[in-house]
Amino acid sequence: MREITLARALGEAIREEMIRDDTVFIIGVEVGLYGGCFRVTEGLFDEFGAERVIDTPISESALVGAAAGAAVMGMKPVAEVMYQDFATLVMDQILNGAAKLRYVHAGQATVPMVLRAPFGASGAGAHHSQSIEAMFCHIPGVKVVIPSTPYDAKGLLKSAIRDPNPVLFFEHKLTYGIKDEIPDEDYTVSLGKADIKLQGKDLTIVTWGLMVHKALNAAAELAKKGIELEVIDLRTLVPLDTATIVSSVKKTSRLMIVHEACKTGGYGSEITDIVTREAFGYLDSPVHRVATPDTTIPFSRPLLEAIIPDEKDIVAVALSMTGNRITEVENGI
Amino acid sequence: MREITLARALGEAIREEMIRDDTVFIIGVEVGLYGGCFRVTEGLFDEFGAERVIDTPISESALVGAAAGAAVMGMKPVAEVMYQDFATLVMDQILNGAAKLRYVHAGQATVPMVLRAPFGASGAGAHHSQSIEAMFCHIPGVKVVIPSTPYDAKGLLKSAIRDPNPVLFFEHKLTYGIKDEIPDEDYTVSLGKADIKLQGKDLTIVTWGLMVHKALNAAAELAKKGIELEVIDLRTLVPLDTATIVSSVKKTSRLMIVHEACKTGGYGSEITDIVTREAFGYLDSPVHRVATPDTTIPFSRPLLEAIIPDEKDIVAVALSMTGNRITEVENGI
Amino acid sequence: MLHKDDLIKMYRWMVLTRTFELTMNDLYQHGRVPELQHCSVGQEAIGVGACYGLRPEDVVMPSLRTRAAFLVKGVPSKILMAAAFAKETKLCGGKNTSHHLGDLSLGIIAGTGIVGGSIPLAVGAALACKLKKTDQITVCFFGDGATNTGNFHESVNLAAVLSLPIVFVCENNQYAMGTSAKRSMLVDNIADRAASYGIPGVMVNGNDIIAVYDAVQNAIQKAKGVPPQPTLIECKTYRWYGHSQRDPVDGRYRTKEEIETWKLRCPIKHFREYLKRAGILSEEAIRETDNETRLEIEEAVRFAEETPYPEPGRVLDDNYAPVLEV
Amino acid sequence: MLHKDDLIKMYRWMVLTRTFELTMNDLYQHGRVPELQHCSVGQEAIGVGACYGLRPEDVVMPSLRTRAAFLVKGVPSKILMAAAFAKETKLCGGKNTSHHLGDLSLGIIAGTGIVGGSIPLAVGAALACKLKKTDQITVCFFGDGATNTGNFHESVNLAAVLSLPIVFVCENNQYAMGTSAKRSMLVDNIADRAASYGIPGVMVNGNDIIAVYDAVQNAIQKAKGVPPQPTLIECKTYRWYGHSQRDPVDGRYRTKEEIETWKLRCPIKHFREYLKRAGILSEEAIRETDNETRLEIEEAVRFAEETPYPEPGRVLDDNYAPVLEV
Ligand SMILES: Cc1ncc(C[n+]2csc(CCOP(=O)(O)OP(=O)(O)O)c2C)c(N)n1
Ligand SMILES: Cc1ncc(C[n+]2csc(CCOP(=O)(O)OP(=O)(O)O)c2C)c(N)n1
Ligand SMILES: [Mg+2]
Ligand SMILES: [Mg+2]
């Protein structure tokens with residue numbers, strides 16, 4: 001076991017898969033010589049050379065399309081788009097290209113590619129701060145993964161690289177520095193399985209990415225008041241692990257969804273929809289979404305802090321949702 | 001009053017706004033000399049000339065960005081993208097350009113532009129059949145409109161052109177030929193207001209575009225069985241007319257959402273989320289989404305018909321949702 | 001080097017392509033085929049000339065209008081026809097139109113219906129071949145209109161910088177739907193755009209099958225060079241019919257005279273006359289070719305009509321590949 | 001024609017820009033300014049030379065690194081500094097970074113942070129000016145890396161075809177982050193890419209402010225012509241510092257020697273010497289300029305520090321414009 005950052009865990013996953021399978025290669029803007037904008041691919045250029053660690057011109061559409069084309073021809077590309085905000089530039093290559101290639105070939109083609117992109121607000125302004133995973137979750141043919149811990153990040157990325165389908169792998173920038181103990185030996189974390197990061201009986205939180213940590217912090221806070229949160233880290237948004245979510249909600253009878261993406265059209269409502277149907281009658285209170293309001297993300301810190309969901313927001317909503325129970329606790333009943 | 005098709009109603013709206021306001025112009029691929037791929041802009045090139053009806057090279061990103069830039073400088077462009085499937089090519093110019101320009105100028109800029117695009121399955125294959133409105137509903141800063149009748153289409157498009165914000169105006173291809181009586185004089189239909197196309201007390205259907213007509217057909221069918229559907233045509237998806245939806249569901253206690261877009265990540269769940277919270281306790285049965293399953297849209301008719309929601313699907317789900325009530329009716333109680 | 005037999009085969013492919021297209025044209029007008037056709041009549045020399053010299057393992061990315069590429073690369077005409085009829089075929093199982101289908105076993109990748117959008121995929125195919133150190137060549141087709149898209153620019157530049165074994169073949173039929181190339185670009189020759197990427201740009205008469213063949217073969221040599229070098233080949237040609245069956249032959253965007261002038265430059269007639277003059281093709285053989293191809297296409301139509309539609313129950317298959325335990 | 005006074009003013013703008021940049025550089029390293037700077041030191045001649053001859057109504061689309069454009073177009077240094085401090089200013093109210101702000105009253109449109117993504121917007125501005133029949137010119141800045149994006153290609157071609165009054169100014173500092181232009185394109189001169197669009201391409205020494213000024217003024221004449229014609233101007237220059245403050249000055253992608261060689265070609269030093277030789281600028285005046293600009297920037301920093309942060313309560317404002325009854 002060694003303690004490493006999430007960024008390093010990702011780098012290790014790529015490196016080990018490149019060693020394991022020589023059809024794996026990296027392609028992107030500044031992924032090579034420069035070591036990656038967030039240093040995830042650092043060292044790989046020196047180790048594997050310019051053939052397998054391919055720097056491209058600023059041509060995101062072409063490079064992601066090329067990854068899809070190479071995948072069809074038997075390679076396993078790991079493409080990077082420097083910020084998820086720029087992934088809008090490759091939306092066409094994903095939606096009309098990568099995601100459909102297998103279908104239009106009636107199953108003759110496989111498209112084993114990964115597209116990595118960092119997301120989330122870190123104070124870099126309107127065009128480098130967004131969380132637009134929901135757009136990609138609406139594309140049949142792709143899988144969507146967002147890790148929250150170094151352990152998961154490494155295991156999920158390995159599964160993503162080995163998966164025969166296009167996997168969109170989004171990493172919250174503020175999770176890159178998070179440290180964790182991870183095993184020395186090879187392991188994977190399966191796609192499509194949520195992880196219960198904390199067991200609890202009073203309220204289920206479904207979340208992903210950086211928000212997992214905020215939820216866990218809030219849970220620690222609430223535990224002091226006797227409220228036990230169950231925190232589910234989705235890890236894979238598509239395909240969704242419905243069973244884990246629904247059985248948790250049946251236990252706790254309350255559901256809060258937390259995401260950094262803006263609320264309207266966010267992926268949170270997908271979960272509301274499923275839960276309010278599959279656990280109909282189990283809910284003691286309406287589902288609540290804690291999310292960034294519908295706005296362009298501002299640069300200035302005080303503005304940013306006013307909108308990005310944090311522990312305080314989660315605690316407040318949890319308290320209001322568990323109102324009765326708290327009163328009980330406070331009254332010592 | 002004259003009976004005209006929805007396509008003609010759109011053409012009239014653009015024409016009348018061009019006469020009314022000389023900052024209005026059209027830009028797109030084949031919108032001019034050719035008259036538009038779906039003939040919506042037919043005749044405008046002859047009437048207004050190449051200056052105000054601008055044919056462009058196949059350069060969707062540039063032309064939509066140019067529309068946004070021109071809007072900031074005081075013009076009112078009506079841009080067209082030939083199929084909504086291709087609007088993925090302009091996702092960046094919408095998300096990072098048009099939608100944010102006002103915000104990053106701290107309110108100094110206005111972006112009065114319209115982007116029109118036809119959507120929906122009509123048998124043209126995987127890349128000319130999609131319904132991806134949900135992706136655009138997740139972009140703060142834009143409005144999203146989908147008409148279902150010629151009357152609404154004309155009135156909504158006029159409002160969209162006069163609106164000081166970027167409006168994404170999506171038209172289902174199979175509604176182009178629908179005919180309606182519309183007034184001779186100028187009128188508008190306000191953005192942000194849903195329309196109750198049919199009053200009923202047993203079940204609320206929320207829908208938009210072509211599906212409005214399928215819902216109305218299904219309602220006629222169900223009426224024979226004594227089940228009264230209330231059919232709400234959203235017309236504007238963003239901003240959403242929550243009040244109309246919620247008060248209808250409080251009345252009927254049942255909600256079905258119908259959309260042609262594929263289910264996961266579709267806009268339907270947004271409505272589930274809002275209703276299950278704002279009408280919590282009012283629902284007699286879970287909300288049901290009737291939508292295309294998560295798949296690339298196939299070309300072959302029998303495949304297509306197997307997945308696109310139709311009257312039969314709506315009737316079946318309505319029957320199952322109103323089960324008790326039907327048994328009552330059938331038993332003559 | 002092309003031998004007599006090759007020339008005869010190439011001629012036959014052109015005639016077969018045209019017969020296929022004219023038949024589909026006719027079928028569509030009588031409501032007998034569901035696929036909206038985008039007819040390649042007048043442009044047959046390009047697809048045939050470019051693909052004739054390719055090996056089975058070489059990769060082709062057809063454009064919307066490269067019907068010939070499918071046939072020459074080995075898709076049986078009856079399968080192609082059945083695809084246009086939206087019938088069950090192993091090729092695409094009714095899942096997509098015949099214009100955008102693929103068969104990896106024949107080295108054909110299905111393009112996207114987005115103009116310019118398939119070019120990045122083709123570049124990726126070439127990249128894969130280079131990384132796998134095979135000597136496969138990728139040939140990527142697109143129209144004049146496609147060269148105005150961002151994907152063209154990014155992709156050709158990327159292929160140049162990465163030094164990929166790819167040949168870009170632009171079928172410049174002078175129109176993108178109703179937009180004359182004169183209205184969509186200020187350059188006369190698309191081949192000149194190659195200069196922006198530091199690769200060779202070659203202009204050929206796209207109605208001269210031998211010129212196309214030679215240009216592509218030369219480009220293949222460059223693509224096989226050390227280091228490999230991509231080439232952009234512009235084939236000047238003309239679209240005889242409307243953009244699609246919905247677009248009348250002589251739209252208001254061009255004149256009847258222009259169409260007639262270009263019909264005089266028919267690539268098939270041109271080649272036939274050449275072969276006749278060279279004593280390679282007799283009147284007899286010409287009639288036989290006409291007959292044979294007509295029969296083949298009639299058979300294809302019969303086959304297509306008789307082939308069943310795909311099973312609706314399989315509509316959701318093939319969205320995802322199954323994950324095998326690893 | 002430039003007069004003596006103009007030259008002195010141009011010199012002052014360059015010095016002011018550099019002082020601004022070096023100060024921000026320093027502030028960032030000491031954690032005193034939140035904005036991650038993308039320093040333009042070494043490239044000042046381009047923004048100043050291109051914008052100096054513009055009228056207030058002319059429109060500018062700055063790139064990530066065109067600090068000078070803001071100053072010359074009329075944004076007070078203290079407001080620009082306050083923006084970098086993420087403070088409340090009328091300009092952007094803390095809503096975006098100082099690199100991507102706009103002030104329509106000064107003819108500056110805020111760019112997007114997407115490389116190449118602002119070019120379509122600038123083309124639209126030029127289109128609006130043409131349609132409104134004003135004689136405003138739009139000047140659009142971008143880097144060498146941006147010319148590899150699809151947006152560059154589509155936009156320049158569109159501007160050419162629509163015959164728009166726009167001047168494209170490429171600040172070729174030879175690097176896009178850590179990627180040398182040599183690794184991202186096979187052409188030596190970006191100006192040559194103009195040929196693909198049938199418009200003039202002009203290459204100038206981007207460290208020679210007069211050469212830049214002249215090239216832009218010539219291009220403006222073409223943009224005002226009948227019909228208007230866009231021009232692509234390539235200004236060869238060099239980025240002295242890292243891509244951003246997070247990137248060390250001499251990354252592994254370039255050598256110290258290369259940087260030092262280019263520092264010898266400093267645009268400010270070059271111009272100062274010229275002005276001295278021409279007797280336009282005395283040692284005295286040089287010192288005064290240094291002093292004045294230093295004081296101005298010190299004052300800007302003080303102002304920025306004292307300016308309050310924006311009201312959090314206003315964070316949601318400005319996403320939508322209010323709809324007035326019509
Ligand atoms: C990005 C995009 N824009 C528009 C269309 C609609 N469209 C289909 S084919 C075509 C013309 C293409 O012209 P060209 O590239 O010259 O090919 P040709 O049809 O002449 O073979 C257009 C505009 C499309 N499919 N994709
Ligand atoms: C589409 C896109 N890809 C990548 C980035 C990250 N990025 C920001 S600036 C930059 C380099 C731009 O190079 P160039 O155009 O030469 O401008 P310069 O920074 O040299 O002024 C990159 C890659 C981005 N902002 N947008
Ligand atoms: Mg063409
Ligand atoms: Mg640069």
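A note on names: the letters A, B, ... follow the listed sequences, proteins ahead of strands, and every chain is numbered from 1.
Taking 4.5 Å as the limit, every side-chain heavy atom of Phe86(B) sits out of range of all side-chain heavy atoms of Val115(C).
Atom CZ in Phe152(C) sits 12.5 Å away from atom CD1 in Ile58(B) (nearest 0.5 Å). Taking CG of Asn319(C) as the start and CG of Asp294(B) as the end, the distance is 8.0 Å to the nearest 0.5 Å. The CZ atom of Phe299(B) sits 10.5 Å away from atom NE2 of His100(C), with the distance rounded to the nearest 0.5 Å. With rounding to the nearest 0.5 angstrom, the CD1 atom of Ile114(C) is 11.5 Å from the CE atom of Met82(B). Taking CZ of Arg246(C) as the start and CZ of Arg39(B) as the end, the distance is 10.0 Å to the nearest 0.5 Å. Asp317(C) contributes atom CG, which lies 10.0 Å from atom CG of Leu303(B) (distance to the nearest 0.5 angstrom).
Between Pro302(B) and Pro312(C) the shortest heavy-atom distance is O-CB, 3.9 Å. When all heavy atoms of Ser300(B) and Ala86(C) are compared, the closest pair comes out as OG-O, 2.5 Å. Between Ala306(B) and Val315(C), the closest heavy-atom pair is CB-CG1, 4.2 Å. Annotation for Cys37(B) and Met177(C): closest pair SG-CE, 4.3 Å, computed over non-hydrogen atoms.
For Glu311(C), the part lying under 4.5 angstrom from a heavy atom of chain B is the backbone only. For a residue to count as touching a neighbouring chain, one of its non-hydrogen atoms must lie under 4.5 Å from one of that chain's; by this rule Ala124(B) touches chain C with the backbone only. With a 4.5 angstrom heavy-atom cutoff, Ala83(C) touches chain B only via backbone atoms. With a 4.5 Å cut-off on non-hydrogen atoms, Asp318(C) does not touch chain B at all. When heavy atoms are compared at a cutoff of 4.5 Å, Ala110(C) does not approach chain B at all. When heavy atoms are compared at a cutoff of 4.5 Å, His99(C) does not approach chain B at all.
Proximity to chain B among residues 182-197 of chain C is limited to Arg183(C), Ser184(C), judged by heavy-atom separations below 4.5 angstrom.
Within a 6.0 Å sphere centred on NZ of Lys263(B), heavy atoms belonging to other residues, nucleotides or ligands number more than 12. Heavy-atom neighbours of Arg314(C) CZ from other residues, nucleotides or ligands within 6.0 Å: at or below the threshold of 12.
Side-chain atoms of Ser59(B) come within 3.5 Å of backbone atoms of Asn148(C) as a donor-acceptor pair (strictly under, hydrogens ignored).
Chosen from Asn96(C), Thr149(C), Thr179(C), the residue pairing most often with chain B at heavy-atom distances under 4.5 Å is Asn96(C). Ranking Thr296(B), Leu33(B), Ile297(B) against chain C, the residue ahead of the rest is Leu33(B), based on heavy-atom pairs under 4.5 Å.
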